[in-house]
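The basis for the numbers below is simple: all heavy atoms, side chains too, and nothing from hydrogens, waters or symmetry mates. Just so it is clear: chains get the letters A, B, ... in the order the sequence lines come, proteins before strands, and each one is counted from 1.
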Amino acid sequence: MLNLGTDEMAKYPFLTEAGQYLKDKGFSLDQFGTDPDLKPILDKAYNRIEIATTGKIYRSEVTSLEDLDLEVFSFLLAVILLKLSGMNTLIRRFSLAEARRAEKYLEKDLADLSNKTKEELATRIIKELFSINVEKRENFFVIPISDYLKHAVNFHEREWKLINRQVEHGKVILSSHETVRLIRKELDNYIASKIRSTGTPSMLEALKKPVERLVSLGKKFSVPTVVSTEYPPCIKHAIEVLDKGENLPHSGRFLLATYLLGNGQNIEQIAPLFKNAPDYNEKITMYQLNHLKGSSGSGTEYKCPSCERVKSKDLCFATSDCDGIINPLQFKKKKTLNA
Amino acid sequence: MLEQDLQLVEVAFKKYYFDHFDLLLIPERSSEREFGYQKFNGGMNRHISIKSNEELRLMLITNIPSDVYCSNAYYSFPNLPMSEKDWKGADLIFDIDAKDLNLDCRQEHTCIKCISCDEVSALQSTCPSCKSTKIEIKSLTCKNCINGAKEEVVKLKKILEDDLDIKKEKIQVYFSGNEGFHVHVTDSPYQLLGSRERNELVDYIMFRGAMPETFGMKKYKPERSSFADINEKGWRGRASKHIFGSKSNRSKTISEIIKNSDGYSIVQHRLDSLKDIIGVKIDPNVTIDIHRIFRLPGSLNSKSGMSKVLCENIDKFNPFQDSCFIDDEKTNVLANCPTQFTLKNIKFGPYKNEKVTIPKYAAIYLICKGLANTTLIQN
Ligand SMILES: [Zn+2]
Ligand SMILES: [Zn+2]
């Protein structure tokens with residue numbers, strides 16, 4: 001893992017191990033609930049989330065070392081509040097805003113000609129978190145074409161197509177802004193998954209109020225989507241993710257497509273579902289659907305994965321209606337039988 | 001294929017695999033690849049793993065396949081169903097087919113065969129004899145078309161080496177055995193790319209989706225200094241001459257574009273039409289497919305009876321000589337081929353539904369093309 005100084009942690013607080021950081025600084029979560037001196041941190045944490053929901057980027061004036069600690073604490077506490085609220089829409093908005101914030105620092109650090117350490121840290125974050133080998137060449141950054149493509153395919157804009165890039169000897173040449181822009185989505189996903197994997201602590205009296213406020217804040221942003229009740233919850237979830245324009249992992253797309261194919265829908269009916277995906281490409285979607293259906297080359301028709309497999313990929317959102325089925329495809333049959 | 005023709009062709013194919021097994025170039029990491037084959041008049045057999053040359057030889061001699069394939073992908077378990085194979089990467093592959101070049105000569109060596117009455121005639125949409133529209137298009141391999149395809153190979157290789165930084169020795173060019181070339185790239189930094197990423201490489205190579213800004217033309221307030229120069233690397237340099245004209249005209253052309261209020265769309269239009277001129281004509285579907293089984297180097301192509309062979313020197317390569325390995329035993333066939341063709345420096349045809357005695361390689365070529373048969377001959 002990256003070894004960070006306090007100022008670096010303040011810029012990239014998501015890189016810290018939350019529990020360890022608090023312990024190192026001699027704090028426990030309980031103290032935040034009881035110590036009135038720590039109340040401002042709690043307020044700052046709430047504030048950080050609130051700003052994120054407005055789509056703005058949280059910024060602060062950092063002047064002293066204590067301020068730096070405060071920066072990290074407020075981030076960690078914000079994560080705890082979010083976990084306690086259980087509001088996923090807030091987590092998405094928060095991680096996105098934090099990603100944008102980190103992006104600004106990364107860009108500045110990359111371009112910093114006077115400070116080699118800053119540049120190296122930014123380069124290392126990009127390399128270790130997102131497997132992109134960045135190399136500085138004068139005022140530009142060169143990255144291998146294959147690394148570039150893995151990230152650039154997530155963009156719709158023409159300027160990210162390889163043909164519209166300066167390409168030399170297997171490398172793509174980018175500005176510091178473009179280099180960082182390239183990992184925006186992944187940075188967001190990284191922070192979101194880090195928050196998702198953080199354990200939810202037990203509720204403290206002092207946190208109840210801000211958490212309640214978050215819950216009512218979060219409700220404002222939840223948009224109800226209409227989905228056929230005949231679909232099992234895992235499929236509804238996958239459709240919702242795509243509807244929101246969020247990134248559904250490959251395993252989720254596989255599940256959705258094989259389920260709908262198995263359910264008798266044809267490729268023309270299924271393909272539009274993927275239109276909202278951040279990386280939608282009609283030709284590729286058709287190729288992949290045809291491949292799953294077995295109508296292209298391989299001739300193998302892919303089957304909808306079992307509930308067990310769906311669970312192992314964290315894509316299962318079972319409800320009592322799922323009781324007893326072992327494959328999502330059985331859901332509808334069972335419902336009809338019961339009806 | 002008719003029974004008696006089938007026998008003749010199968011015997012010839014078997015003999016080829018027996019005598020010329022050394023021509024089969026089994027790709028590296030062969031135990032991680034999926035093999036497949038097709039039999040004459042039969043379906044596709046896939047998901048085969050082959051561990052040694054002996055195993056391959058046995059498969060060829062016992063099954064006498066019409067076509068043999070090998071995956072560009074590497075798998076942990078090549079013989080399991082697709083979903084259980086565990087994909088580990090795939091070679092970059094390119095297919096350049098003369099058919100896609102649409103050269104003018106094409107109609108001179110293309111004819112139709114009626115599915116209803118078997119009549120062979122010049123290229124048209126209905127059978128002149130029975131007016132049926134159920135026709136097959138038959139095309140003979142033509143030297144001019146091969147030269148056109150060679151030019152595309154040269155363009156492709158240049159981009160692979162200069163822009164994508166792929167080492168020369170990692171690029172193998174093969175004649176497909178029929179009307180084009182296959183280019184295989186092994187052990188490159190691109191092995192792990194998925195279909196979407198490969199599609200970006202395809203667009204790059206085919207010069208698709210280029211925007212004026214890339215070549216210096218901005219929508220608002222374009223600046224002369226940002227326009228692409230001929231000496232630049234990649235497409236900026238390569239396309240520059242075609243967009244802005246030769247060195248002597250360049251400055252004037254750029255001034256005109258900048259002055260013109262439609263300058264941006266003029267450049268866009270030029271880029272769109274340029275893709276057919278400077279873009280490399282590869283088959284995009286082949287390159288984006290990361291599970292494809294692709295014709296095995298050294299195997300026979302049942303569309304012609306010629307072999308897919310390595311072209312060490314593409315310039316000098318002559319498919320009508322260098323990929324024709326069936327022997328020259330005198331063979332009687334009833335040939336119906338309206339176009340002349342050359343194999344091993346001998347001119348054949350045109351034949352108008354006539355009984356001829358020709359070397360076996362020419363007979364097999366015509367039978368594979370569906371323009372001759374042995375069945376109706378008594379001898
Ligand atoms: Zn006819
Ligand atoms: Zn031709």
With a 4.5 angstrom heavy-atom cut-off, is it the side chain or the backbone of [X] that approaches chain A, or both, or neither?
| X | answer |
| --- | --- |
| B/Leu193 | side chain |
| B/Arg208 | both |
| B/Asp162 | backbone |

[X] atom [atom1], over 12 foreign heavy atoms within 6.0 Å:
| X | atom1 | value |
| --- | --- | --- |
| B/Lys167 | NZ | no |
| A/Lys313 | NZ | no |
| B/Glu169 | CD | yes |
| A/Phe130 | CZ | yes |
| B/Lys155 | NZ | yes |
| A/Ile326 | CD1 | no |
| A/Arg184 | CZ | yes |
| A/Glu308 | CD | no |

Roughly how far apart are [X] [atom1] and [Y] [atom2], rounded to 0.5 Å?
| X | Y | atom1 | atom2 | answer |
| --- | --- | --- | --- | --- |
| A/Arg165 | B/Asp163 | CZ | CG | 15.5 Å |
| B/Arg196 | A/Leu149 | CZ | CG | 10.5 Å |
| B/Arg236 | A/Glu168 | CZ | CD | 10.5 Å |
| A/His291 | B/Asp289 | NE2 | CG | 7.5 Å |

So, are A/Lys161 and B/Glu200 salt-bridged, with charged N and O less than 4.0 Å apart?
yes
Sub-4.5 Å side-chain heavy-atom contact between B/Tyr204 and A/Ile145:
no
Does a side-chain heavy-atom distance below 4.5 Å link A/Val167 with B/Trp235?
no
Between A/Tyr287 and B/Asn285, is the side-chain hydrogen bond (donor to acceptor under 3.5 Å, both in side chains) condition met? List the steps.
CA-CA 9 Å; A/Tyr287 162 70; B/Asn285 296 318; over 6 Å; no
For residues B/Ser83 and A/Tyr302, report the shortest heavy-atom separation together with the two atoms involved.
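Of all heavy-atom pairs spanning B/Ser83 and A/Tyr302, the closest is CB-CE2, 3.1 Å.
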Between B/Gly234, B/Pro81, B/Ser195, B/Gly36, who has the most heavy-atom pairs with chain A when the cutoff is under 4.5 Å?
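If we count pairs closer than 4.5 Å to chain A, B/Ser195 comes out on top.
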Would you mind telling me which of B/Asp203, B/Ile293, B/Ile205 has the largest number of heavy-atom pairs within less than 4.5 Å of chain A?
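Most pairs with chain A among the choices: B/Asp203.
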Between A/Leu162 and chain B, which part of the residue has a heavy atom less than 4.5 Å away: side chain, backbone, both or neither?
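Its backbone and side chain both get close to chain B.
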Is the backbone N or O of B/Met211 less than 3.5 Å from a side-chain atom of A/Asn164, with the two atoms forming a donor-acceptor pair by type?
yes
Would you please test B/Glu213 and A/Glu159 for side chain to side chain contact (heavy atoms under 4.5 Å, CB included) and show each step?
CA-CA 9 Å; B/Glu213 285 85 345; A/Glu159 71 237 43; over 6 Å; no
